[in-house]
Undergrad: 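Pasting a structure below so you can have a look.
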Amino acid sequence: MERASFTATFTIVSIIIFIIILVDNDVVSCLHFSDVPNTYNRTTMVLPLFPPKDTSSSGRLLQKIPLNARMSLHDDLLLNGYYTTRLWIGTPPQSFALIVDTGSTVTYVPCSTCEQCGKHQDPRFQPEMSSTYQPVKCNIDCTCDNEREQCIYERQYAEMSSSSGVLGQDIVSFGNQSDLEPQQAVFGCENRETGDLYSQHADGIMGLGRGDLSIVDQLVEKHVISDSFSLCYGGMDFGGGAMVLGGIKSPADMVFTNSDPVRSPYYNIELKEIHVAGKALNLNPRVFDGNYGTVLDSGTTYAYLPEAAFAAFKSAVMKAVLSLKLIEGPDPNYKDICFSGAGSDISQLSKSFPPVDMVFSNGKKLSLSPENYLFRHSKVRGAYCLGIFQNGKDATTLLGGIIVRNTLVTYDRQHEMIGFWKTNCSELWDRLNLSPPPPPLPSGSDSKHSTGNMNPTLVPSGSPGYNAPGEIKVGFITFYMSLSVNYLDLKPYMTELTHLIAQELDVNFSEVHLMNLSTKGNDSLVKWAIYPAGSANYMTNAAAMEIIHRLAESRVHLPDTFGSYKLFEWGIEPPPKRTGWRQSYLIVVIALSVVLILGLSAFLGWLIWRRGQESSLPYERVESVETVVREQELQPLK
């Protein structure tokens, strides 16, 4: 009976534990379908890389845990010469496309008062329209204007372009994928542009270099991010990419090298050797340490080596591609080194071109694929040109964006290191398990919207990244695309097309879903759907608004290879409704659990009662001495 009682008790405890686990898992799964506060859907925050300070005699105060700002990159390195990201400045926010530049230390946009500014892709910043804008008054820490009333800035670049203007302070927002809330920051309001800055399509510059006016330094000083940021440029097939202001968990196989901030004002690395086809170039390691050393510059398109290093690199590559034909470059004004006969499939370039390795002083190496040192010939199909050039008579080794295509580069300024990790930058969040955080869930009721133009009153204006009470819930967005292409079968190109749609709409690749595809001859009709990021049940209105604006304003641009195309009949769909079973699932499980526990408890009570009854029966004592039968001793075998 004791064993039966123990068994019953053990069974009940086991079942209770199982039910607790089941219920706990069910709660987690039900959160996906329930209107619960956004607290449950927050992503894991990044822990600080700096220790808390002693700020009072009564003990240490806990600092805010730094978050990070995850942002998308747009454009294409070789088509435009740069990558841009979106910043929102002011209240209400004004949107700008800014070139991400690790070689610049100030962020600036054209001002409405600019006397000499080019025509860029967005309207100029209007300080008078922002309720939170403040000019930075003249002080001992800045250069002042002639009237000594306001701080000014001026920047000049190697290509003979320049920017100058006044300094202002306002609220800066980082977009819908950012955990980081809008922050006060100082930036430049341009009054004059020259050179490429005047003629470029982008609005301005986002300075990521070292300096008090750098957006990174300002955020670090506020202790809202750790002293780190990362960039990830798309590859030859797909532009765009991603960036993170603040720290992220480094992949286990990320390759790091030292970066000495005292060595130069730029982000430098300790490059010692270059290998081509597995063989080291016959060079003195000091060749990469001349002038500013080896510098990473995200605002530079190509790579530039000192004279001796470039000659050795060029010779080694040409010896490795003897099967290809040497041809003239696309621009007769430049003596580009180009090759034909490699084919158009980027994934097969490694069969025609040699691998290249950059070896650092710590012995670690960064392996470059052909897309990291080649660019497409714009006039000859299947031809490619070297994207590494001689840096004139300058002894500096300058590594531009081409070197780090499809490479996550982490600028860990806290530990004075720079890390490299080869990856697909168009899928960075998924590969890092950092899917953009689910949007906050609004408290308003569901509302539907039919296909067609959206009523502007339904779309909120203001800072991205939140839903106000009463706003509509956007489950997903659909639209149609008609194409007239030369392909007899469009299906093999759908993956590339999906990547392009994601890039142009500023969403993750995993958010773009092909709903339907029908073809007739060279004409195709495609229905697309844009779903919320990660496991979110719906997207913020700000995110939906941005996607709709891009569709409605014809801001989706595809390469000429996809022929003529048209986007039409976009619409908003509500989140999928939850079934009654899912809504009552938890209640049913709990009810069954209670019944089961009560039943087993009753059974256990009955066993205990039965045992008590049996123990109360009279019994006769057995005299052990008289009744015990002795066992015979075992006899040995004979």
Side-chain angles (χ1 to χ4, degrees), residues 71-87 96-104 106-110 117-122 155-163 190 193-209 231-243 266-267 295-305 329-338 371-379 384-392 394 396-407 409 425-426 500 503-504 557 559-560:
M71 307 164 72
S72 295
L73 297 180
H74 313 284
D75 300 319
D76 182 88
L77 184 69
L78 299 184
L79 290 179
N80 300 304
Y82 52 72
Y83 280 103
T84 64
T85 192
R86 279 273 164 191
L87 276 188
F96 300 96
L98 304 182
I99 298 171
V100 292
D101 188 1
T102 58
S104 295
V106 63
T107 296
Y108 51 82
V109 297
C117 286
K119 185 177 181 181
H120 305 296
Q121 68 184 81
D122 293 292
R155 292 293 185 273
Q156 294 183 342
Y157 298 93
E159 72 276 11
M160 305 306 292
S161 61
S162 66
S163 170
E190 283 185 306
E193 298 173 336
T194 64
D196 290 343
L197 292 176
Y198 181 89
S199 59
Q200 70 188 13
H201 187 53
D203 298 313
I205 297 289
M206 182 178 183
L208 301 174
L231 296 173
C232 200
Y233 286 175
M236 190 179 288
D237 269 337
F238 307 107
M243 69 177 293
Y266 306 105
Y267 294 111
V295 174
L296 281 179
D297 183 11
S298 66
T300 296
T301 307
Y302 301 104
Y304 300 86
L305 302 179
D331 190 339
N333 296 318
Y334 298 94
K335 297 181 179 179
D336 291 324
I337 302 170
C338 303
E371 72 171 351
N372 295 122
Y373 62 87
L374 298 173
F375 66 91
R376 273 198 182 100
H377 197 296
S378 59
K379 296 181 178 178
Y384 303 87
C385 307
L386 284 184
I388 297 180
F389 305 94
Q390 180 178 326
N391 198 13
D394 192 338
T396 300
T397 298
L398 184 60
L399 304 180
I402 192 173
I403 294 293
V404 290
R405 278 172 160 174
N406 273 334
T407 305
V409 183
C425 289
S426 64
L500 292 170
Q503 173 188 327
E504 294 298 301
H557 303 290
D560 294 339

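Residue indices begin at 1 and follow the sequence shown.
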Undergrad: Rounded to the nearest 0.5 Å, what separates atom CE in M71 from atom CE in M243?
TA: 5.5 Å
Undergrad: Classify the side-chain pair Y157/S104 by whether it contains a donor and acceptor separated by less than 3.5 Å.
TA: yes
Undergrad: Which pair of heavy atoms, one from C232 and one from L73, lies closest together, and at what distance?
TA: O-CD1, 3.8 Å
Undergrad: I'd like to know if the side chain of T85 reaches the main chain of S72, judged simply by a donor and an acceptor atom lying under 3.5 Å from each other, with no hydrogens or angles considered.
TA: yes
Undergrad: Hey, does the side chain of T102 reach the backbone of S298 with a donor-acceptor pair shorter than 3.5 angstrom?
TA: yes
Undergrad: Mind checking the OG1-CG spacing from T300 to L398? Nearest 0.5 Å is all I need.
TA: 4.5 Å
Undergrad: Answer yes or no: is there a donor N or O on one side and an acceptor on the other, between the side chain of E371 and the main chain of M236, under 3.5 Å?
TA: yes
Undergrad: Say you draw a straight line from CD1 of I403 to CG of N372; how long is it, rounded to the nearest 0.5 Å?
TA: 6.5 Å
Undergrad: Counting distance only, does the side-chain N/O of D196 pair as donor-acceptor with the main-chain N or O of S161 below 3.5 Å?
TA: no
Undergrad: Return the orientation label for the F389 and Y302 ring planes: parallel under 30°, perpendicular over 60°, tilted otherwise.
TA: perpendicular
Undergrad: Tell me whether T301 contacts the main-chain N or O of G81 through its side chain, where contact means a donor paired with an acceptor under 3.5 Å.
TA: yes
Undergrad: For C385 and H377, work out which heavy atoms get closest and say how close.
TA: SG-CD2, 3.8 Å
Undergrad: Does the side-chain contact (heavy atoms from CB on, under 4.5 Å) test come out yes or no for T396 and Y266, once each step is laid out?
TA: CA-CA 11 Å; T396 300; Y266 306 105; over 6 Å; no
Undergrad: Whether the side chain of T397 engages the backbone of L305 through a donor-acceptor N/O pair (distance < 3.5 Å, no angle test) should be reported.
TA: no
Undergrad: When you compare the side chain of I205 with that of E190, does any pair of heavy atoms fall below 4.5 Å?
TA: no
Undergrad: Where do P110 and H120 come nearest, in terms of heavy atoms and distance?
TA: CG-CD2, 3.7 Å
Undergrad: Between C338 and G329, which heavy-atom pair has the shortest distance, and what is it?
TA: SG-CA, 3.5 Å
Undergrad: Apply side-chain contact (heavy atoms from CB on, under 4.5 Å) to residues Y83 and L231 and explain how you reach the verdict.
TA: CA-CA 10 Å; Y83 280 103; L231 296 173; over 6 Å; no
Undergrad: Looking at L374 and R405, what are the two nearest heavy atoms and their distance?
TA: O-NH1, 3.2 Å
Undergrad: Nearest heavy-atom pair of Q503 and H74: which atoms, and what distance?
TA: O-ND1, 4.1 Å
Undergrad: Looking at side-chain heavy atoms only, is the closest gap between L386 and Y373 below 4.5 Å?
TA: yes
Undergrad: How far apart are the C-alpha atoms of Q390 and Y304, what are their side-chain angles, what is the distance that settles it, and do they pass the side-chain contact (heavy atoms from CB on, under 4.5 Å) test?
TA: CA-CA 5 Å; Q390 180 178 326; Y304 300 86; over 6 Å; no
Undergrad: Just do the side-chain contact (heavy atoms from CB on, under 4.5 Å) check on Q200 and I99 with the steps written out, would you?
TA: CA-CA 10 Å; Q200 70 188 13; I99 298 171; 3.3 Å; yes
Undergrad: Decide yes or no for T107 and F96: does some side-chain heavy atom of the first lie under 4.5 Å from some side-chain heavy atom of the second?
TA: no
Undergrad: Counting distance only, does the side-chain N/O of N406 pair as donor-acceptor with the main-chain N or O of C425 below 3.5 Å?
TA: yes
Undergrad: Looking at CD of Q156 and OG1 of T194, how far apart are the two atoms once the value is rounded to the nearest 0.5 Å?
TA: 7.5 Å
Undergrad: Test your reading of the model: is there a side-chain donor-acceptor pair from D297 to the backbone of G400, 3.5 Å cut-off?
TA: no
